[in-house]
Amino acid sequence: MSEKTDVVIIGAGPVGLFAIFELGLLNIRCHVIDNLSKAGGQCSELYPDKPIYDIPARHTITGQELTEELIKQSKPFNPIFHLNQQVEIIKKLESGNWKIETTSGTILEAKCIVIAAGAGSFVPRKPPIDNIDKFENKNIFYSIKELTMFKNKKILIAGGGDSALDWTNELAKIANVTLIHRRKEFRASPDSVSKMIDLQNKNKIEFIIGQIKKIFEGKNRNISILYENDKKELLSFQSDYLLPFYGLKMELGPIANWGLNLNENLIKVDTEKFETSIPSIFAIGDINTYPGKLKLILSGFHEAALMAQQCFKYCFPQKKNIFRYTTSSKDLHKKLGV
Ligand code: FAD
């Protein structure tokens, strides 16, 4: 069963979030899909604590603060978020609407699609092992959605960044955890590192210096992980689960298969409506290209405002769109709850 809405926004980065607001001012309802577990795109994933200096009227604002402000600004319009899922398939229906399907089985029907997908989906960096896909979502997971499945299990966590160390410290409370990293220096925050060392000193976790080389099926539905230690010896480790946390990379992903006019993985749009080569599909923010494009957050905000004007025509073909300022329109104040 699909749920109907006016617009589906693909990508909950800063530009997708601001699009909710601009569409909301015009009475256009949105669902927002992102394959990360939280909104904010590059701002919250890549530089949450870094100050940004070129957001108009904000002397400085961090990536995370900007995300939180944008979420707050979009609240009056009650957007519905579908996180942890990637949009895989879009299909034109006979009615003229779009059917949008995600990797988690969410099915939506909308009059317009707004692609605000940045540089594509954030996907996990995987260990370079040939048959790794055979064990994925059975013994190998790149993110944790349900903690209870790891209770009293034997787990090998791989990596040296914040995710690897934070999950080592957290899962040590309920499971038998070993951390494997190629060296004894870590990229994680000093606080997480000292917590991990403390657990190791108390024999609550084990730490191995090594690199994973191969994975085999083990006994009783577990896996056998072959790794090379710091003395170049090959050793085997039996585990229920392997959790590699090697960070994220960005990939265009399924967008490449949607028949859009692409130029070096960017979607070509016009600069009047930010519409793609397919009517009623728009592309805003870092994912689009046009002469003079600047990959800046403020450019994406401007694109969202103009895109919304054209979306209105698709969503309410019988209605006239009357331009109004947020400062003086009583109708807009009502919508914003001010
Ligand atoms: P993104 O922020 O990339 O968000 C896109 C979202 O779409 C992602 O969350 C992704 O997971 C999701 N997505 C993609 N494909 C799919 C799919 N198929 N299904 C579901 N979800 C999908 N800009 C400035 O203006 N000022 C600065 O000072 C500045 N500093 C920066 C510093 C750093 C270190 C970096 C990396 C960037 C900086 N930028 C700066 C650039 C700015 O972050 C980007 O321009 C901005 O994030 C683009 O926003 P977006 O919403 O278009 O895309």
Side-chain angles (χ1 to χ4, degrees), residues 8-23 30-67 69-71 73-74 79-90 98 100-108 110 113-124 142-143 247-258 260 262 265-267 269 274 276 281-290 293-305 307:
V8 165
I9 301 174
I10 303 172
V15 178
L17 290 175
F18 191 62
I20 305 168
F21 179 80
E22 285 297 327
L23 292 163
C30 304
H31 281 236
V32 189
I33 305 172
D34 202 299
N35 71 325
L36 290 176
S37 58
K38 57 183 187 301
Q42 294 175 48
C43 296
S44 56
E45 195 57 43
L46 300 181
Y47 57 102
D49 303 320
K50 274 207 170 99
I52 310 171
Y53 299 101
D54 56 353
I55 300 298
R58 290 300 301 250
H59 178 258
T60 57
I61 185 165
T62 66
Q64 192 52 38
E65 283 165 350
L66 177 68
T67 302
E69 290 291 312
L70 287 166
I71 293 173
Q73 197 173 17
S74 75
I80 297 169
F81 286 90
H82 306 268
L83 299 173
N84 280 317
Q85 45 199 302
Q86 189 179 44
V87 177
E88 235 183 355
I89 301 166
I90 61 168
W98 291 98
I100 297 103
E101 285 188 58
T102 77
T103 41
S104 299
T106 303
I107 304 177
L108 300 170
I113 295 176
V114 174
I115 305 174
S121 302
F122 283 98
V123 291
Y142 302 103
S143 63
L248 299 168
K249 59 179 179 170
M250 286 193 253
E251 269 181 14
L252 186 63
I255 295 172
N257 309 323
W258 296 345
L260 295 158
L262 293 175
N265 281 350
L266 297 168
I267 304 171
V269 289
F274 297 93
T276 66
I281 300 188
F282 299 81
I284 54 174
D286 277 14
I287 191 80
N288 74 14
T289 181
Y290 52 84
K293 167 76 182 181
L294 279 181
K295 282 194 187 184
L296 284 176
I297 296 165
L298 70 88
S299 315
F301 289 172
H302 159 80
E303 294 160 15
M307 166 280 294

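No hydrogens, no waters, no symmetry mates; every other heavy atom, side chains included, goes into these values. As the structure lists them, so they are numbered: ligands from 1, and atoms in each ligand from 1.
- With a 4.0 Å heavy-atom cut-off, ligand 1 is reached by the backbone of Asn35 and by its side chain too.
- Using cut-offs of 30° and 60° on the angle between ring planes, the pair His302 and Phe274 is perpendicular.
- Counting heavy-atom neighbours within 6.0 Å of Lys293 NZ, excluding the residue itself, gives a total above 12.
- Annotation: atom 44 (C) of ligand 1 to nearest protein heavy atom, Asp286 OD2, 3.3 Å.
- Among protein heavy atoms, atom 53 (O) of ligand 1 sits closest to Gly118 CA, 3.2 Å.
- Looking at Ile10 against ligand 1, only its side chain comes within 4.0 Å, counting heavy atoms.
- At a 4.0 Å heavy-atom cut-off, ligand 1 touches Lys295 through the backbone alone.
- No N or O atom of Gly11 sits closer than 3.5 Å to an N or O atom of ligand 1.
- The salt bridge (charged side-chain N to carboxylate O under 4.0 Å, His left out) analysis of residues 34-48, with sequence neighbours excluded, yields the pairs Lys38-Glu45.
- Note: an N/O pair closer than 3.5 Å links Val15 and ligand 1 by distance alone.
- Looking at Pro254, Gly120, Gly40, Ala19 and measuring to atom 14 (C) of ligand 1, the nearest heavy atom belongs to Gly120.
- Looking at atom 25 (O) of ligand 1, its nearest protein heavy atom turns out to be Ile297 N, 2.9 Å.
- Under 4.0 Å from ligand 1, not a single heavy atom of Met250 appears.
- By the criterion of a heavy-atom distance under 4.0 Å, the side chain of Leu46, and not its backbone, is placed next to ligand 1.
- By the 4.0 Å heavy-atom criterion, Pro14 is counted among the residues contacting ligand 1.
- From the protein, the heavy atom lying nearest to atom 26 (N) of ligand 1 is Asp54 OD1, 2.9 Å.
- With rounding to the nearest 0.5 angstrom, the CD atom of Gln85 is 12.0 Å from the CG atom of Leu36.
- Between Trp258 and ligand 1, not a single N/O pair is under 3.5 Å apart.
- Taking any N or O of Ser121, backbone or side chain, at least one lies under 3.5 Å from an N or O belonging to ligand 1.
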(message) Walk me through whether Leu46 and Met250 qualify under side chain to side chain contact (heavy atoms under 4.5 Å, CB included).
(response) CA-CA 11 Å; Leu46 300 181; Met250 286 193 253; 3.8 Å; yes
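- Comparing Phe122, Tyr47, Tyr53 by heavy-atom distance to atom 39 (N) of ligand 1, the nearest is Tyr47.
- Closest to atom 8 (C) of ligand 1 among all protein heavy atoms lies Asp34 OD2, 3.4 Å.
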